[in-house]
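For reference, the structure discussed in these notes is given below.
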Amino acid sequence: MSHLRTELGIRALRAQLGTQFRRHGPVIDTLRLSVMELEQQTDDRDVDYLHDRLMGVLHKWRINLLIQANPWLILHRAFYSRPSHLVGPSLLGNIIVTDDGRAARIAEVVTSDVAPRDTASLLPREAVGRLVVSEEDQVPKVCVLCGRAPETSAVALASIEPLEGLALMKAQAPAEELETYRGASIVHALGLGNRSRAIDVTHRRSAVQIASILQPVPLAVGRPKRSRRNGHPREWRWSIASPGSP
């Protein structure tokens, strides 16, 4: 099998994996079987080239593949069954992934005492652990609902750092800063602009999931964003502490 044939096989594998991600298919099984087939068809002289190209494929979706193979990494519903001021700081540093291969690190959040009112019609009876896109303040924002009914609160993603699926993100939302998306651009960077229904981020086959980094949660710095006045809920902005910060 020449380098050309190997390359065509790798490209076919990448296309197949992309389709499986979008359709919630058996990504790990597809990868395992395809790699075995490619190795059987490859001449000994081309094995090193094949393995180098496979490492490139694995690197592109390394986080998504890790979560697919280890669904227990996905944060469970009990994680969100706490007030937003506890859930928000705990989300910092963890990874949000989408079903089309995007992944980003959560770098900053805003916690609110109440859930967005404009998303109430989208929510099922059990709203905790659901992701919604709110436009309550005329600015789209990605929110995760937490707490316990009827006192549901919310954590809005304020800043994310892209890790995988960078081409898709840049095509839909050019980053305002180097390798960072903020505010409304997060909605487009994650491809959530056309998703009108609440998404259960705790389910292994959901379109969006939030997964643990298996490390201690970074030190979070919180500061008031808006006090409770004029009918507005109290909000706090939480970010990862910078090295050397007090």
Side-chain angles (χ1 to χ4, degrees), residues 1-75 93-106 131 142 160-175 178-181 185-195 197 199-215:
M1 191 176 189
S2 66
H3 278 8
L4 176 60
R5 292 183 61 193
T6 301
E7 184 62 30
L8 291 175
I10 290 293
R11 294 188 180 189
L13 172 60
R14 290 180 59 179
Q16 193 174 12
L17 288 177
T19 300
Q20 295 286 14
F21 273 122
R22 290 189 295 272
R23 297 179 179 177
H24 310 287
V27 176
I28 301 301
D29 289 341
T30 297
L31 178 63
R32 184 184 299 114
L33 293 174
S34 296
V35 169
M36 290 175 58
E37 183 177 347
L38 283 170
E39 287 182 332
Q40 291 173 356
Q41 296 174 351
T42 302
D43 294 334
D44 291 343
R45 65 189 180 203
D46 291 330
V47 168
D48 289 342
Y49 177 80
L50 172 64
H51 288 167
D52 286 343
R53 296 295 290 118
L54 286 173
M55 288 301 295
V57 172
L58 294 177
H59 185 269
K60 178 181 179 181
W61 284 307
R62 63 192 185 282
I63 296 173
N64 280 275
L65 290 170
L66 175 64
I67 295 170
Q68 285 275 342
N70 302 278
W72 51 270
L73 291 172
I74 300 169
L75 298 177
N94 288 314
I95 308 299
I96 183 167
V97 299
T98 66
D99 56 357
D100 57 3
R102 308 181 209 204
R105 177 175 179 257
I106 300 173
L131 181 145
V142 178
I160 62 172
E161 300 169 353
L163 300 172
E164 293 180 6
L166 274 63
L168 280 174
M169 292 188 185
K170 290 179 180 178
Q172 295 183 317
L178 182 63
E179 298 182 350
T180 302
Y181 290 97
S185 65
I186 295 175
V187 176
H188 304 293
L190 295 177
L192 301 175
N194 296 322
R195 298 184 190 269
R197 302 177 64 181
I199 300 172
D200 184 355
V201 295
T202 67
H203 196 278
R204 63 177 298 179
R205 293 192 177 276
S206 288
V208 181
Q209 301 157 340
I210 300 178
S212 169
I213 57 173
L214 293 181
Q215 295 179 2

Exercise for the section: Evaluate the side-chain contact (heavy atoms from CB on, under 4.5 Å) criterion for residues Ile210 and Ile106: first the C-alpha distance (whole Å), next the side-chain angles of each, then the deciding distance (0.1 Å), finally the verdict. Expected result: CA-CA 9 Å; Ile210 300 178; Ile106 300 173; 4.2 Å; yes
Problem - Considering all heavy atoms, the nearest Ala211-Ile67 contact - result: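 Result for this residue pair: CB-CD1, 3.4 Å.
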Handout entry: Shortest non-hydrogen separation from Ala103 to Ile95 and the atoms involved
Key =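 Reported closest heavy-atom pair: CB-CG2, 4.2 Å.
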Would you check if the side chain of [X] reaches a backbone N or O of [Y] as a donor-acceptor pair within less than 3.5 Å?
X	Y	value
Ser185	Tyr181	no
Arg102	Ala189	yes
Gln172	Leu190	no
Thr42	Asp46	no
Asn70	Trp72	no

Handout entry: side-chain contact (heavy atoms from CB on, under 4.5 Å) assessment of Val201 paired with Ser206
Key = CA-CA 6 Å; Val201 295; Ser206 288; 5.9 Å; no
side-chain hydrogen bond (donor to acceptor under 3.5 Å, both in side chains) against [X], all qualifying residues, sequence neighbours excluded:
X	value
Gln16	none
Ser212	none
His51	Glu39

Once rounded to the nearest 0.5 Å, what's the spacing between atom [atom1] of [X] and atom [atom2] of [Y]?
X	Y	atom1	atom2	result
His188	Leu168	NE2	CG	15.0 Å
Ile63	Leu163	CD1	CG	4.5 Å
Leu13	Leu33	CG	CG	11.0 Å
Arg105	Glu164	CZ	CD	14.5 Å
Asp99	Arg205	CG	CZ	12.0 Å
Ile10	Leu50	CD1	CG	5.0 Å

Exercise for the section: Check the pair Ile96 / Leu131 against side-chain contact (heavy atoms from CB on, under 4.5 Å), numbers first and verdict last. Expected result: CA-CA 11 Å; Ile96 183 167; Leu131 181 145; 4.1 Å; yes
